[in-house]
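Down below is the structure, laid out as structure tokens.
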There are 2 protein chains.
Amino acid sequence: MSSSPDNYIPKSPVSIACNIEKTLEVLGGKWAFLILRELFGGTKRFGELQRSIPAVSPRALTSTLRHLEDKGVLERHVFPTVPVTVEYTLTPKGEDLHRIIKEMKLWAAKWT
Amino acid sequence: MSSSPDNYIPKSPVSIACNIEKTLEVLGGKWAFLILRELFGGTKRFGELQRSIPAVSPRALTSTLRHLEDKGVLERHVFPTVPVTVEYTLTPKGEDLHRIIKEMKLWAAKWT
């Protein structure tokens, strides 16, 4: 009986490490975590994010939001108001990061 | 009634982000995760780690082990045998990373 590649692909240690690398790529960087934290609370407009995280420059905020959008973690919706309204919402892939970030916060609070 | 700084220091969003950065500094890098995974199973000698992770060069293994030791995540014990025996053991701080890595593996398996 052969197992279907769709159902069972044994992963080598190195490919598991690569997957973890992908997780770190999403969460790494100076601002990703703070932005995700805001979005766990629900959809936010660009200006709301800017006000919630005053230490981030508009340029860094834009670049981190684009990075997270490229990684499939959030969606950007543009509404043709005047001025234009841009909203950011986590995808299910992004919502699922909550558990990792919760564990990281617990670890950091205890040990750093 | 004033609260003691030892008991209650409200953390700003930026200082929470800095703590998360510290977590990422420990877990980041190409090999840290694979080495931690081996050590979650108990103390290992350098040669055992090398054999368990054949893809890592001795130089990269040494450098990652030193990085993790500097971060207080593992301890290095040298025994004056011939040839010398070097063992690596997780500290409690290192053992506590297990929960984060477990969540990262689950996320990566589901989404990457």
Within this structure, what is the OG1-CG distance for the pair T64(A) and L49(A), rounded to the nearest 0.5 Å?
10.5 Å

Between E25(B), K102(B), R99(B), the one whose heavy-atom pairs under 4.5 Å with chain A are most numerous
R99(B)

Heavy atoms of R76(A) and Y88(A) approach each other most closely as NE-OH, 3.4 Å

Compare every heavy atom of K93(A) with every heavy atom of K71(A), then report the nearest pair and how far apart it is.
O-NZ, 2.9 Å

Under 4.5 Å from a heavy atom of chain B, the part of K110(A) involved
side chain

Between E38(A) and K44(A) (salt bridge meaning N to carboxylate O under 4.0 Å), is one present in this structure?
no

Structural part of P92(B) lying under 4.5 Å from a heavy atom of chain A
both

Contact part of V56(A) toward chain B, heavy-atom cut-off under 4.5 Å: side chain, backbone, both or neither?
neither

